[in-house]
Amino acid sequence: MGVHANEIGLAYVQDGKLCDTVQFNYSQDLDSSSYPNITRVWPQIKSYFDKVDDILAYNLVVHKTNLKEILAYHGLELPKKKYVCVYYWARAVLGTTSLKSIYEAINTPAIPNHVLSPLILTDSEHQAELIALIALYLQNLPTGTSSLEGTVKSMAPESLVTMEKQTIY
């Protein structure tokens with residue numbers, strides 16, 4: 001999940017495979033003509049949230065706070081889900097949060113003309129896709145500490161422990 005001033009990107013993963021990516025553009029203002037108001041696109045966004053038990057973001061605190069505040073301003077609620085920060089997961093498992101190092105670890109070249117390059121990731125849909133690739137990489141590492149379940153156990157209350165097969169990034 002990536003939430004910015006006027007867009008949210010989601011990557012839907014099921015059974016360990018990236019199934020779908022989508023970007024929603026919205027306006028926080030009630031009378032903007034550039035994009036539909038968040039209240040009009042939220043049902044579509046929420047339909048992705050409804051399919052999953054886990055929501056992941058690289059900078060979870062910022063993205064979750066932004067989305068929660070935008071929704072609250074419009075009288076909407078952030079769904080109660082398990083939220084996991086891929087930044088802390090990468091730090092715990094790989095010992096680094098450098099996107100360049102992580103890109104190299106997952107064998108995604110960090111070159112300026114590559115669609116997943118950290119130098120040109122400007123839209124939230126590609127950012128969400130990259131976060132999904134990072135999380136899938138971390139999940140599939142052979143160590144016991146790399147799994148989402150193990151990471152959530154070490155970082156969160158017991159109520160956040162169950163790892164389901166469907167996740168949004």
Heavy-atom pair with the smallest gap, counting every atom of I8 and I45
CG2-CD1, 3.4 Å
Ignoring hydrogens, what is the shortest heavy-atom contact between T65 and V61? Give both atom names and the distance.
OG1-O, 2.6 Å
I need the D20 CG to E129 CD distance, nearest 0.5 Å.
10.5 Å
Which distance, rounded to the nearest 0.5 Å, do you find between the CD1 of I38 and the CD1 of I70?
6.0 Å
Taking the side chain as everything from C-beta on, heavy atoms only, tell me whether W89 gets closer than 4.5 Å to L56.
yes
Tightest non-hydrogen contact, residues V22 and E125, listed as N-OE2, 3.6 Å
Side chain to side chain contact (heavy atoms under 4.5 Å, CB included) evaluation trace for W42 with L67
CA-CA 11 Å; W42 178 245; L67 184 57; 4.2 Å; yes
Go through it in stages, so that I can follow the logic: the residues are Y58 and Y87, the test is ring pair (Phe, Tyr, Trp, His ring centres under 6.0 Å), and I'd like the CA-CA distance, side-chain angles, deciding distance and then a yes or no.
CA-CA 5 Å; Y58 192 74; Y87 174 93; 5.5 Å; yes
Between atom OH of Y12 and atom OG1 of T21, what is the distance when rounded to the nearest 0.5 Å?
13.5 Å
For residues L18 and L136, report the shortest heavy-atom separation together with the two atoms involved.
N-CD1, 4.4 Å
Would you sort out whether L94 and L138 count as a side chain to side chain contact (heavy atoms under 4.5 Å, CB included), showing the intermediate values?
CA-CA 8 Å; L94 301 175; L138 293 171; 3.7 Å; yes
Partner residues of K17 under the salt bridge (charged side-chain N to carboxylate O under 4.0 Å, His left out) criterion, sequence neighbours left out
none
How long is the span from the CD atom in Q23 to the CD atom in Q127, to the nearest 0.5 Å?
8.5 Å
For the student: nearest non-hydrogen atoms of Q44 and F24, plus distance
CB-CE2, 3.6 Å
Measure the spacing between CG of N6 and OH of Y35 and express it to the nearest 0.5 Å.
5.0 Å
How are the rings of F49 and Y83 set relative to one another: parallel (under 30°), tilted (30 to 60°) or perpendicular (over 60°)?
tilted
Sequence neighbours excluded, which residues qualify as salt bridge (charged side-chain N to carboxylate O under 4.0 Å, His left out) partners of K46?
D50
Of all heavy-atom pairs between V41 and N25, which one has the smallest distance, and what is that distance?
CG1-O, 4.0 Å
